[in-house]
Amino acid sequence: MSGMRPTGKLHLGNYMGALSNWVKLQDKYECYFFIADWHALTTDYADPSRIKLNTLDVALDWLAAGLDPEKSTIFIQSHVLQHAELHLLFSMITPLGWLERVPSYKEMQENLSNKDLTTYGFLGYPVLMASDILLYQANFVPVGQDQQAHVELTREVARRFNSMYKTSVFPEPEALFTPSPKVPGLDGRKMSKSYGNTIGLTEAPALIAAKIGSMSTNGQRIRQTDPGDPDLCPVGDLHKVFSPPDMLAATQSGCRAATLRCEFCKFDAAKSVCDITDPIHSKRMHLESQIEQTWEMLRDQSVKAAARAEQTMQSVRNIFDLSHDLGSVRRHFMASSEDLIKAHDLSQHSAWWNLPHDQRAKLLRDFWRSNLLPRDILLSQESNRVFTSLDRELEEPFLSVKKKRVFVTTSRDIGVADKWMFEIPFRSYEVWTLLCWRNKNKWLHDFVVPQKFFSQQFALAKKSLKKDEKIQVAITRTDSNHFHLGIAGQTSRNIDELQSNYEPLK
Ligand code: SF4
């Protein structure tokens, strides 16, 4: 995961410092690259008029340089609203002191003294950055050394979140530093838009040649008969970054011996630069003729990014349990047994039948947790962590308040024949919770089966089944509306008393 602020067309410094590296990384990793238009607002909030144009410019340059939407997800930050949501939630847990310590905070305020950066948004931009990275549960962040503090802060936010909410939603990402040669600007200082000394990545070759042709030699070779030192001349530095070894060697010796005229040296440097930029320039020209398609691609890719971001946000929202449905608080207000009976009624959710079993099973288990599981179980500190995680692997047990291992599962059957089959792995669970959805009346029956109820049959079944075979369990409903549980084909027993009896979970 990495991104760039949309500051318009890219220059050679951006390319050598980040973009060329990203192009290589996309063959090795599943990559997400985003244009950070909300970040642009942290400094350009007073005049956002160029941000969209700049965003498109950056996208065209990325594509021209070889970022490939077939390999990587390339998207626009503001199109994925989950960035803002996670930023808000992280803002709640990030101490102010962490932000005031970020070195770039003071530095940027000083460098951009023409802008008022004493804003809440500007102070919080490293939190937005942490959200950008953690939203995709990224493992690596390719950045320059100057961004190290931001990645460190991201790790701290992840650590704080995980430990505060006893979860492991966020991996701690690592900075992926790559050697990025210092590209000299036309005046010898670091190439930067703010110095006005850039060579554009997609500029026409003639323009690049003209710019390099008029570069200063930093006082070297004032007379062409004087020997010079290529290490002190920005053109010499350009050769170091862009020229092949034989040309670099010839330039250095020719400069020192005064046998190479500066104009030829600059011509060679321009050739080396254009060898890299020519194909990028041509591709950009082509892409500019189809900006609608490019914009459409960015929108599609943003939808793809949002789908990935949403996965993370679902886990995060579960932790805060501020979801839109009444969910876990509903049961607290169920005073009468009539209310409790109503809570089993799933008739509003008949659309679930069209879903694949795994999705339906997850929804049913979530529904059970939110609506039927008693509040005193759900809200105990231990079990809150446990029972909010029911969307994990079916076979993973959940711990009750007293650390009992609970297996919660849903039958694949829809109760048409008033029979539900379950497959339970051969592990030592202390409670089975078996959910049966009856299609006829859209009713959810839940049976909480304590170990003492199945231990004998379990032991018998263990003798006849192989280690990794699953134990077959059946629940049947009789004509007289009684429920029976049969374990591994043994004699079935009445389990009416286990229906909606949550005692074993306490
Ligand atoms: S020969 Fe090249 S490196 Fe040497 S001073 Fe002239 S332009 Fe600079």
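Order of appearance sets the numbers: ligands from 1, and atoms from 1 within every ligand.
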Arg256, CZ atom: more than 12 neighbouring heavy atoms under 6.0 Å: yes
Would you check if the distance from the ring center of His83 to the ring center of Tyr136 is below 6.0 Å? yes
Within 45° of the six-membered ring axis of Tyr125 and under 6.0 Å from that ring's centre, is NZ or CZ of Arg5 located there? yes
Is it the case that over 12 heavy atoms from other parts of the model lie below 6.0 angstrom from the NZ atom of Lys283? yes
Atom 2 (Fe) of ligand 1 has as its nearest protein heavy atom Cys265 SG, 2.3 Å
For atom 6 (Fe) of ligand 1, what's the nearest protein heavy-atom neighbour? Residue, atom name and distance, please. Cys262 SG, 2.3 Å
Here the atoms of ligand 1 under 4.0 Å from any heavy atom belonging to Gln220 are 5 (S)
Here the atoms of ligand 1 under 4.0 Å from any heavy atom belonging to Arg221 are 1 (S), 5 (S), 6 (Fe)
Heavy atoms of other groups near Lys304 NZ, more than 12 under 6.0 Å: yes
Which of the atoms of ligand 1 are close to Cys255, meaning less than 4.0 Å from one of its heavy atoms? 1 (S), 3 (S), 4 (Fe), 5 (S)
If you scan protein heavy atoms around atom 8 (Fe) of ligand 1, the nearest is Cys233 SG, 2.4 Å
